[in-house]
Every structure is written in C-alpha cells, then in structure tokens.
2 protein chains.
Amino acid sequence: MVPLRVKEVRMATMHDVARRARVSVSTVSYVLTGTRPISEATRTRVLEAMAELGYQPNAMARGLASRRSRIVGLLMPMDERGLGATETAFVTGAAAAASAAGYHLVLSPVGAADPDVVRRLATQGMFDGVVLMEVQVDDGRVAALQEAGLPLVLIGRTGDTTGLSYVDIDFEQTVHEAVDHLVGLGHRRIVYVNHSASAIAAGYGPAVRTRDAFVAAMARHRLEPVMIASEDSAAGGRAALSAAVAQVPDLTAVLAMNESAIFGILGELAVRGRAVPGDVSVVSMVTSPQVAELVHPALTALTSPGAALGRIAMEALLRQLEGAAGQNHQQLLPCVLEIRGSTGPAAPPVGGAGGGAEPAGADPPDR
Amino acid sequence: MVPLRVKEVRMATMHDVARRARVSVSTVSYVLTGTRPISEATRTRVLEAMAELGYQPNAMARGLASRRSRIVGLLMPMDERGLGATETAFVTGAAAAASAAGYHLVLSPVGAADPDVVRRLATQGMFDGVVLMEVQVDDGRVAALQEAGLPLVLIGRTGDTTGLSYVDIDFEQTVHEAVDHLVGLGHRRIVYVNHSASAIAAGYGPAVRTRDAFVAAMARHRLEPVMIASEDSAAGGRAALSAAVAQVPDLTAVLAMNESAIFGILGELAVRGRAVPGDVSVVSMVTSPQVAELVHPALTALTSPGAALGRIAMEALLRQLEGAAGQNHQQLLPCVLEIRGSTGPAAPPVGGAGGGAEPAGADPPDR
DNA sequence: CTGAAAGCGCTAACAC
DNA sequence: GTGTTAGCGCTTTCAG
C-alpha cells in the first residue's frame, strides 16, 4: 500500500525568493505588503521569482510577525436542529464578504450560555475580530469579547448597545408594516404567533422585540393584541393555531415569525377548513422568498435581508480592522413587505348570524 | 471621540508563565503538549502560574513552530441562492465535530470552477486538512488539493475515487428503496424529477448517480424510466410536474430529489386537482424530516443523513491528521425511508376522462 | 526529569 | 531605494 504523502513538498519560503531575485528578504516582504516604495525593476524581479517558485506566503508566520491573522470569527450557537434559512443566509453573506476581502472566516459554535469558551477563543490570538450572531438581550459573550479587546460586530443586539457595533433587523418597523397591511385589509382580530415561550424568557431579541412591537402596533389601531408562543416546528405551529382559535374563535388573520411553525399553522388551518386567504389571512415575518414560495398560495411575507445582514456586519468589522476610526456601526435593516397570495380582505364576522356583509365599517374595537 | 482600543492588553506569554513558575519555557511547553514526562510538583506549579496569569497559548506561534495550525477548511461553492437544508447540515455537522476535537473550522467559498483558488489556499499553510463539499464527478479542485499534499476528505465523490477518502450518500441504494416502495404499492408509471439539466451536464454527482440508479431500478421491475430535469425552485417544480404529466398523463407516482422543487410539484398537483396520495403518490429523496413535515400530508421521504455526513467526514479527516495510518476512508451512507402521508396504493388507471374524484377511502388526517 | 537554545517564516524597525 | 537584523511566541532538538 502506498503510504500517505503529507506535506512532502517543502514550500518555497521568502528566503528562496530573495535569493533567486538577488535581493534581501525584507525587499521581498515589502513587495508583498507594499509598505515601502520599491523600484519597478526589482519589484519585477521579485514577482518573477515568486511566480517561478510558486511562492505563497505562509499564513502562520505572517500572522505571528504582524499580529494580524487575517482570520475573523463568526460565533454562533448551533444546536442540533440546525440553522434556519435566515441564519444560513447570515453565514453565507458573511463568508462571502470576508472571502472577498481576503480574510478567512472561522465558524465557531458557541452557545450563549458559555462566555468562557468565548473568552478562550478571544485570547488565543487567532481572530482579528469577530461577528457574533444570535445575540441575547443580555448576553455574557459580548462582555467577554469586549474585555478581550477584540473588535466586534453583532448581528442582533443586546439591550444596551452603547459602544457596540451591530446590524439588526428593524423589528419594530417590520411588525408595524405587517399589522398595517392586515388592518388595511380590514382585519381586526389578529393573532401573533411568536417563537417559543422559552426563547422569549431567555431574552431572544427577535422574539422580545416583535412581541413589544406587536402590542404597540395593535394599540395604535386600538385593537387588542393576542400573542401565542410556539415551538419552532410544524407541530408547534399546529398547536399554536389551535390555541389561537381557542382564544379568538373568530380571528381573521394570523401574523407569524417562525419559519418552522408557519407550515404547521397553514396545515392546521387547512384541516379546520379555514381557507387562506378567504377565511384567514396569513403573514409571515422575517422570511426568505424561497420559503414563502414553497406553499400555495404563496405567503405574503416580510422578507428578511438575510445575506445582506451577514455581509454588512462583516464589512463593518473589516472596516474596523483596516484601521479607520473606532466609529460604531449601528444599523437596522427593514424587512420588505412582499404581498403574495396568503393575505386578502377580512371576511365578515361569522358572529351572531351570517349577517352584515358590510366589509369592515369603522368598527369601534372592543373595550 | 474615543479612539478604538484594540488589543490594548498585552497577553501573558509562555515566558511569563515560566518565570512565575520558576521553570524554563520548554518545561511550560511540555506541560502543555504532554510530549514528555513532567514531575507532578512542577506541573502543578506551572498550571497554577497559567491560571493566575490567565495564560492562553498563542495560536499563530504554536502553528508556526509546530507546523500544525489546528485549522481545517471546509471548501464549498456558495452561490447566491444559498444552501439547502442538507448542505447546511453538512456544515453544522462538520463544525461541531471540528470544534469538539479542538480544531477551528474555516469556511471557504470555492466554486468548482476555480481550482487555482484552491491551490492558493492549500499552499498558504493555513489548513492542516480540508473537507471538500459538493464534489463534481470530474473536479479539478481534488487534483489541486492532492498535489498540494493536503489531507483531504470529500463529501460526495469524484468518478475515480482511488486513493481518495470520501463520505457520500448511497444514491443507488436510496433510489432503489424509493422505487421499491412505490412499486410495492402497485405503482407502475413513476416519473423521476431530478435536479436541473445543467447540474446533470456539469456532472453533479447526486443528479448523475440518481439518474443512473433510477434507470436501473425501473429496469429491474421492467418499467420504463421517465426522468424530468427541474430547476431548483418551486416554479421549476411546477414546470417539471407539468412536463411529467404531459409525457405520462396517467402517472401515479412522482419521485423527486429536489428540496426546492418538491413544493412546486405538490402545488401543481393541487392545482390540477390530483390528490396526494389518492391520485398521485410522492416520494422525496435526500430530504430532512423538518422539510418533510412542512407540508400536509407530510412527505414520505428518504431522510438524508446530513449532519452525520458532515460529522463523519470531519472525524475521518481528523483521524488522518492525528497521525494514524494513511488509510482511506470510503463510506456510503443510506438515506432511510420514512413513510409518511404522501404515498399510498396506486390508483387504478383512469380510463377516458381525467378525474377519480373519489377521495380514495378514509384519509384520517394523522395527528 | 529539566534547561538552553536553535529555529518556524515572516514583519518592521533600524541602518545606509 | 535597499539590506541587516531583532523579534513575534512557540516547539523541539540537544545537553545535561
């Protein structure tokens, strides 16, 4: 059997290049980094030598000497159930941006629960900076990273964001837009299906912020906000819809932000014989077009700027690394409303008798 | 404005630890690596010193000196449309395995088209080894990696796999199982909806292998194999189903391997009034349970061992790195058949008009 | 069982 | 413009 050949080839070093080009190592280095002027003649000689030797600078050596690894970290919790489409988009967006700038992107699974792991990563000197995903409202990892003095950009945000850079979805705006869309169609009894109760309790930003925004948006229309927490699964969605109907039997619209539950919601509506959008309108927030198009009718959705978020966060981080001022980058991106087939005018109330087909006269809300 | 503080804290070095523990640097190093026996007394002193100083070994320095970065790469094409659930699972599985073994995982977007980028990555000395995803049947990146002498494990496989390590889905087995399941239910006119024609032409392994396996499986049952290529989107799936019906008007089963198209297929079936599974049975191959559960009835599917593939590939790579023999790891994992609601007995052939309006017996909406 | 010292391949003063 | 050289923080001989 042929023994495995590992690194049997000795790589050309800067020394080799220098000798071949008849210059000193520093000259080679300066050609590479452009840190000081080099005459066109020698630069050419050096470049030729490099090409001939197939020279590639050694990343570790360079990192050690320059104290800049050109590696950035993407820190994210990765539980067994995997990533949703939106989170996956963060990753690919960030990876593309890093790669385009000549940086390497290390994916580190780090639960929100262990700031110590983060601290260890931060002090290993491997990362020039990090992007932290799935930030909790109160997140120990942020402090750990800051103490280590590591440049940091969040996707999502903590409760107090002073001195922090972040990019996040504008949940307030998103929820308001969703609610306005439904109310504009005449809906009054709207139920919001949020993430799980435990996620809310844990201070998961999207869940908390949309909850508050929903309450505010409904209040603005003098409507009563009803929210149901749902596990992130089709089964959870079915249960949530059942709970919603139990609580508001004559609901005409469901607002959801739960890419997994949404399908359960639709399934349960179908089982109960409630047509979408004839009887019940459905809006899905923070959803990718791919997912929205999966069902029939396609979902009216607030499309999450997934890849853009990842890209922008990474670009902000890299700008920070490339010197520049220590300006904090704080940015909220709205989800854009894309109206598809799952929303329509509110059905007249089925309340007492089939009665008044009046489509939503100015109906003074309950209370 | 406050200037950005970056790495303002000087990290403790091995030297500091050595001084504090009153030993030499080498002793500290050996305590860390365990490469030679150290008396219990000094080891304790050293460990204490480390703890007191909050010492963390510098990854770059260690990498340079030992010529082992403890970084592995995950090379994957990342086009705009993002990753499917299965590919995402590869990534998370691999990341978890690497992290558990104390390795860092670098995500590198590398199209199958540019082996030069791969060559550059390979010779930078940043990676101890790499896992290559989305391998084409004839893939220039593999050769580039091998020439660089970099330990390598594929997820997927090339046409000729001699001397290569890989983990892949057993497509032959998977297709046969799917076809047998349908044939066992009495289906004869089965159409296979594959990936896009361009993917097949490009030699995308899963598309090519399932095509061949489908032909073989149908032949074994003396049935005629009809395959339709489909774009990876709901719209593509709708078009594919239309094409399928045009070609085989009385088809009773659709086999698909296209997580995106499958929803279009189901949608178009609904539009055409063909009940699932009453009129048409649907089997989805290489699909995650989450996706299968999304629709109603839930999809009978061949569940892809997504995260397991990523994990196993990474573990094989790490084993290779941790010395051991240069044994090639070649392994095929089957997808396991999970029968859900989308398959049932074949409907009797419809004579003239198209429309067995009978809802085909009791169809209790499970759960 | 422990130390001293020679690099790993590169960057960045410091010279000229 | 270019060369010399002292590190970067660690691993790993080579000596005891």
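Because the structure is a prediction, the values reported are computed rather than measured. Lettering of chains follows the sequences in order, A, B, ..., and the numbering in each one begins at 1.
The shortest distance between side-chain heavy atoms of B:Leu32 and B:Arg62 falls below 4.5 Å. For the pair A:Asp139/A:Val142, a side-chain contact is recorded, criterion being any heavy-atom separation below 4.5 Å from C-beta on.
Distances were taken from every side-chain heavy atom of B:Thr42 (C-beta onward) to each of C:dT2, D:dT2, D:dC10; the shortest belongs to C:dT2. Comparing atom distances between the A:Ala65 side chain and each of C:dG9, D:dC10, C:dA5 picks out C:dG9 as nearest. For B:Ser26, counting side-chain heavy atoms from C-beta on, the closest listed nucleotide (C:dA4, C:dT2, D:dT11) is C:dA4. Minimum atom distance to the side chain of A:Asn58 is reached by C:dG9, of the listed C:dT2, D:dG9, C:dG9. Minimum atom distance to the side chain of A:Thr35 is reached by C:dA12, of the listed C:dC8, C:dA12, C:dT2. Here the nucleotide nearest the side chain of A:Val23, chosen from D:dG9, C:dT11, D:dG3, is D:dG3.
In this structure, CG of A:Leu64 is placed 4 Å from C1' of D:dC8, rounded to the nearest angstrom. We find that CZ of A:Arg36 is positioned 9 Å from C1' of C:dA12, with the value rounded to whole Å. B:Met11 places its CE atom 13 Å from the C1' atom of D:dG9, with the value rounded to the nearest Å. Distance CE (B:Met60) to C1' (D:dT11): 16 Å, rounded to an integer number of Å. Look at CZ on B:Arg19: it is 13 Å from P on D:dG9, rounded to the nearest Å. In this structure, CZ of A:Arg67 is placed 13 Å from P of D:dC10, rounded to the nearest angstrom. Rounded to whole angstrom, the span from the CD atom of A:Glu40 across to the P atom of D:dT2 amounts to 10 Å. When rounded to the nearest whole Å, the span between CE of B:Met14 and P of C:dA5 equals 18 Å.
A close approach under 4.0 Å does not occur between any side-chain nitrogen or oxygen of A:Ser39 and OP1 or OP2 of D:dG1. Residue A:Ser24 has a polar side-chain atom (N or O) positioned under 4.0 Å from OP1 or OP2 of D:dG3. Distances shorter than 4.0 Å separate some side-chain N or O of A:Ser29 from OP1 or OP2 on C:dT11. Under 4.0 angstrom from either OP1 or OP2 of D:dG9 there lies no side-chain N or O belonging to B:Arg62. For D:dT12, neither phosphate oxygen OP1 nor OP2 lies less than 4.0 angstrom from any side-chain nitrogen or oxygen of B:Ser66. OP1 or OP2 of D:dT13 has not a single side-chain nitrogen or oxygen of B:Tyr30 nearer than 4.0 Å.
Neither side chain, A:His329 nor A:Gln327, offers a donor N or O lying under 3.5 Å from an acceptor on the other.
Residue contacts shown for A:Thr33 are limited to sugar-phosphate atoms, with no base heavy atom under 4.0 Å away. No engagement by A:Leu32 is indicated, since no non-hydrogen atom pair under 4.0 Å with the nucleic acid exists. The residue A:Val28 sits apart from the nucleic acid: no heavy atom pair falls under 4.0 Å.
For A:Arg45 (side chain) and A:Arg20 (main-chain N/O), no donor-acceptor pair under 3.5 Å exists by modelled atom type.
Across the helix from C:dC1-D:dG16 to C:dC16-D:dG1, the helix axis at one end is tilted relative to the axis at the other end by 40° (nearest 10 degrees, each axis from five pairs).
Under 4.0 Å is where a charged nitrogen must lie from a carboxylate oxygen, and between A:Asp16 and A:Arg10 at least one such pair does.
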> Between A:Ser39 and A:Thr42, is a side-chain hydrogen bond (donor to acceptor under 3.5 Å, both in side chains) present by the stated rule, with each step listed?
Replying inline: CA-CA 6 Å; A:Ser39 79; A:Thr42 59; 3.1 Å; yes
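Residue A:Arg68 qualifies as enclosed at atom CZ: its count of foreign heavy atoms under 6.0 Å is above 12. Heavy-atom neighbours of B:Asp138 CG from other residues, nucleotides or ligands within 6.0 Å: at or below the threshold of 12.
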